Amino acid sequence: GAVVSQHPSWVICKSGTSVKIECRSLDFQATTMFWYRQFPKQSLMLMATSNEGSKATYEQGVEKDKFLINHASLTLSTLTVTSAHPEDSSFYICSAVGPPTSGSYEQYFGPGTRLTVT
Amino acid sequence: SQQGEEDPQALSIQEGENATMNCSYKTSINNLQWYRQNSGRGLVHLILIRSNEREKHSGRLRVTLDTSKKSSSLLITASRAADTASYFCATRNTNAGKSTFGDGTTLTVKP
């Protein structure tokens with residue numbers, strides 16, 4: 001099946017610094033990718049929809065200037081957490097919409113990136 | 001707010017028993033997917049069921065969808081300790097659109 005990778009798998013940074021997380025579709029092209037955030041013992045919350053070559057669409061309550069998304073190619077989307085604070089510590093998961101199979105478009109999820117801000 | 005609600009929030013069973021998890025949603029959907037997540041890990045896709053389908057099987061998994069009740073269920077038969085994980089339903093209102101996740105059910109299968 002289609003594979004989505006994320007890098008790094010975990011990162012620790014100091015408060016006030018910025019962190020970039022990469023999401024790559026390894027064996028397919030994805031015009032659309034999604035970024036989710038998951039706090040401990042909670043469900044996934046959609047942060048934004050990333051479309052190749054255009055601006056990302058952010059969900060209500062998500063600060064676009066704080067969470068910068070760049071989808072510069074059909075296989076790469078990046079999420080940059082700017083001026084990170086401890087409350088930004090979370091598990092960030094991306095997904096990519098794969099090619100249709102039997103008329104359905106599956107979402108393929110990356111393994112996630114655990115961000116800890118100290 | 002989340003589209004889906006799942007119940008139970010937590011389920012503990014003995015190995016060999018069946019586990020049933022339910023998901024309810026609020027708006028019309030194009031498809032519904034079930035995912036599994038081991039603690040601290042990414043999501044594993046289990047099954048996708050389209051809005052015009054009522055039931056799907058995959059190995060020990062059986063998913064039903066009742067669009068009139070806006071609900072779905074995931075049945076895991078003959079559970080194993082390795083099935084211990086969190087299970088999420090996710091709905092999409094278009095074929096390739098964003099997924100909205102339910103709150104999840106934490107399943108513990110005791111050996």
Side-chain angles (χ1 to χ4, degrees), chain A residues 1-7 9-10 21 23 28-52 56-62 90-116, chain B residues 1-10 21 23-27 29-53 56 58 63 65 84-108:
Chain A
V3 179
V4 174
S5 70
Q6 280 184 242
H7 178 80
S9 55
W10 60 270
I21 302 170
C23 177
F28 66 99
Q29 293 184 330
T31 55
T32 303
M33 292 184 175
F34 301 97
W35 286 96
Y36 294 84
R37 179 168 55 183
Q38 184 180 33
F39 292 107
K41 299 190 185 303
Q42 293 188 25
S43 187
L44 282 76
M45 295 291 291
L46 179 67
M47 298 176 67
T49 301
S50 170
N51 295 297
E52 187 268 337
T57 304
Y58 291 81
E59 295 298 301
Q60 193 172 9
V62 178
S90 186
F91 194 50
Y92 292 86
I93 303 176
C94 73
S95 72
V97 178
T101 55
S102 302
S104 296
Y105 293 83
E106 279 191 31
Q107 266 191 301
Y108 298 94
F109 283 81
T113 296
R114 173 123 358 243
L115 170 64
T116 302
Chain B
S1 62
Q2 292 291 318
Q3 158 85 310
E5 296 180 357
E6 292 178 62
D7 78 272
Q9 287 188 329
M21 291 159 264
C23 166
S24 61
Y25 56 92
K26 298 174 184 174
T27 62
I29 63 170
N30 178 281
N31 61 70
L32 183 146
Q33 301 181 76
W34 283 92
Y35 292 88
R36 165 200 168 117
Q37 184 182 37
N38 287 78
S39 181
R41 301 291 189 93
L43 294 174
V44 174
H45 180 262
L46 298 177
I47 288 184
L48 180 151
I49 186 166
R50 299 191 190 97
S51 60
N52 61 354
E53 297 175 312
K56 279 188 99 167
S58 176
V63 168
L65 178 65
T84 295
S86 291
Y87 292 83
F88 295 94
C89 69
T91 57
R92 287 198 280 181
N93 55 16
T94 61
N95 197 2
K98 61 185 181 184
S99 290
T100 303
F101 282 81
D103 295 329
T105 294
T106 300
L107 173 66
T108 302

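Here the structure is a predicted model, which means the values were calculated and not measured.
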Inset, instruction - Without swapping roles, check the side chain of Ser43(A) against the backbone of Gly104(B) for a donor-acceptor pair under 3.5 Å. - result: no
Inset, instruction - Might you point out which heavy atoms bring Gly40(B) and Phe91(A) nearest each other, and give the distance in Å? - result: O-CZ, 3.7 Å
Inset, instruction - Pick one of side chain, backbone, both or neither for Leu48(B), based on which atoms fall under 4.5 Å of a heavy atom in chain A. - result: side chain
Inset, instruction - Give the member of Pro40(A), Pro111(A), Ser9(A), Gly112(A) that has the highest number of heavy-atom pairs under 4.5 Å with chain B. - result: Pro111(A)
Legend entry - Nearest-0.5 Å distance that lies between atom CE in Met47(A) and atom NZ in Lys98(B): 13.5 Å
Inset, instruction - Measure Gln6(A) against the heavy atoms of chain B and call it side chain, backbone, both or neither at under 4.5 Å. - result: neither
Inset, instruction - Mind checking the CG-CG spacing from Asp103(B) to Leu44(A)? Nearest 0.5 Å is all I need. - result: 11.0 Å
Legend entry - Region of Gln38(A) that comes under 4.5 Å of a non-hydrogen atom in chain B: side chain
Legend entry - Side-chain (Tyr105(A)) to main-chain (Thr94(B)) donor-acceptor, under 3.5 angstrom: no
Inset, instruction - To the nearest 0.5 angstrom, please state how far the CZ atom of Phe109(A) sits from the CD atom of Gln37(B). - result: 10.0 Å
Legend entry - Over 12 non-hydrogen atoms of neighbours within 6.0 angstrom of CD in Glu53(B): yes
Inset, instruction - Quick one: pull up NE2 in His45(B) and CD in Gln107(A) and give me the separation to the nearest 0.5 Å. - result: 9.0 Å
Legend entry - Contact winner vs chain A - Ala90(B), Gly42(B), Ser39(B), Ser86(B), heavy-atom pairs under 4.5 Å: Gly42(B)
